[in-house]
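The block underneath contains the structure these notes are about, expressed in structure tokens.
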Protein chains: 2
Amino acid sequence: MNYEMIAAAARRLDGHARRTPLLSSPFLDKIAGRRVYVKAECLQHTGSFKFRGAWSAMTALPEAARGVIAFSSGNHAQGVTYAARLRGLPALIIMPQDAPAVKIANTRALGAEVVLYDRTSEDRDALGAALAAERGLELIQPFDHPQVIAGQGTTGLEIADQARCEGVAEAQVLVCCGGGGLTSGIALALEQVAPQMRVRTVEPEGFDDVAQSLAQGRVVENPTRSGLCDAIVTPRPGRLTWPILQRLCGPGLVVSDDEALRAMALAHDRLKLVLEPGGAVALAAALFHPGQIAGEAVIVTASGGNVDCAVFQRALAMGDAYAAG
Amino acid sequence: MNYEMIAAAARRLDGHARRTPLLSSPFLDKIAGRRVYVKAECLQHTGSFKFRGAWSAMTALPEAARGVIAFSSGNHAQGVTYAARLRGLPALIIMPQDAPAVKIANTRALGAEVVLYDRTSEDRDALGAALAAERGLELIQPFDHPQVIAGQGTTGLEIADQARCEGVAEAQVLVCCGGGGLTSGIALALEQVAPQMRVRTVEPEGFDDVAQSLAQGRVVENPTRSGLCDAIVTPRPGRLTWPILQRLCGPGLVVSDDEALRAMALAHDRLKLVLEPGGAVALAAALFHPGQIAGEAVIVTASGGNVDCAVFQRALAMGDAYAAG
């Protein structure tokens, strides 16, 4: 895993992934007490950065690959499905039977074959391995996959370039962190092209396995497995991502669910962006934990916008209550 | 008013206005029955395309100008105020006393001096003229101003360029139309750089003065003056804009308020964009009136996103009801 793989992925993504804008608002700057730049990956194909890694992996497959397989009920499923469709390959997505109906429907509508399994009685990995072998499919892991990390890293190349256009050469870069694919990719990219930028992970309270791991210098697991910020709730940093995070990232930041919801409301009001809770934690850290951040400017990823209507309405109500209070 | 003014405005806007993305979603394509490309001007500074015209006007002022004045309680006020601030000039905005408190507060927070007047007892134009004369301020009209039209026209240059990157050389371009500043600017730009693209106006039902005027070949006025799509509710096309609209635009399209709200819900779900009703009418026409549009692809402007929370929640509820039905 190195910078050259990211540069190569950037060439494969060119003209296929979107170059998402780096946005800002004087209203957000005022709250944060410094300039805040938001890399709007919610505007990426399928509503999250996951398309980058999926497209990178898809375009690095061996010639013999007859299709791809992934385990996901979320953003990774949609990114892989859409990338496979653009590449003309079949995608098989394995999801739990009890995944939200709308996610199953969206993934099918994008063109995937969705295979459901029963969490209580079936072994997901065995099912996937059998299907992959039977049909000659390549497994695309959500973060522990070098070409996926390389694809996510292209976000970092764009951040460096766009920040330079804004006159920002030095800043902390806050990244919404689950398994660490996006974070480690951005960190590797910036190490090469903007070494004066420092990446920091942001996680929700109760799921701060990466912050804990960074603090303790060894992989620490989360005890629990589900939360509002579902897109970035993972039990531990990845096998490939952890050494990169440990080498390159500053202390991890942690925000509350309410802070994530308030950041969603502010992104709606001030940037006209729809964010999901897990995609809003980095903005929340910039806005509500300014004392833990250094520098005159801060860059945050807004990594996804695939949010249920009920959760979004909760965020808007929170924004109202906050404005009124 | 000609193409050269737009090209000159583009040079002045470069590095100051945002080059907003041209977005799409396979889900929207399916509803519309053709490819739909959305020019996301809600991501422009201050949440609407108005910043373009304001910056263009601001950078074309005579040396002696000591500041600017505008009449607006909406997007034009915010665009002018922010452009003046970046230019280091004072902005005086005249608003009715009964304008929504949040709009007054936002405009003040961006740096304007806001002067309120009583609609029932005061003459707005006389008040503005007196203040302008007293302080040496230049009036920036919302659409009947050549440099404002030139600035809005830069949207058309970007559309032509971005559509070409998507492989689209020929398409109808639907524009949310109030006084016609954005529409006439885009039409003039495309006449020069993409003459095989045809601009069409989109208005809300009951406020279709431009569609009626185009149909009858003479300026027709709307009888009423307020509506859900407040950003584009104007009584008649402008003095400068009308001849351009008449010469270059195809038949006007009209959508209902409910269709605008449903388009807002779909922009939220599928593009992760926040639109206001007046900024969603062009998308609504593409999605819900496909039979009135020609071609394999259609381009729409999403001209603004400054929407009250209550209206946005109404749109989300409408999206839910529609999805369920």
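In what follows, chains carry the letters A, B, and so on, assigned in the order in which the sequence lines appear, proteins first and then strands, with residues in each chain numbered from 1.
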Please list, in residue-number order, every residue in residues 32-43 of chain B that has a heavy atom less than 4.5 Å from any heavy atom of chain A; write 'none' if there are none.
-> B:Cys42, B:Leu43

Greatest number of heavy atom pairs closer than 4.5 Å to chain B - which of A:Asn106, A:Leu110, A:Asn306 = A:Asn106

Do any of residues 268-282 of chain B have a heavy atom less than 4.5 Å from a heavy atom of chain A, and if so, which, in residue order?
-> B:His268, B:Arg270, B:Leu271, B:Lys272, B:Leu273, B:Val274

Write down the atom of B:Arg85, the atom of A:Pro26, and the distance for their closest heavy-atom approach.
-> NH2-CB, 3.7 Å

Interface moiety of B:Arg19 toward chain A, non-hydrogen atoms closer than 4.5 Å | neither

Distance, nearest 0.5 Å, that separates CD of A:Gln313 from SG of B:Cys309 | 9.0 Å

Is it the side chain or the backbone of B:Thr46 that comes within 4.5 Å of chain A heavy atoms, both, or neither?
-> neither

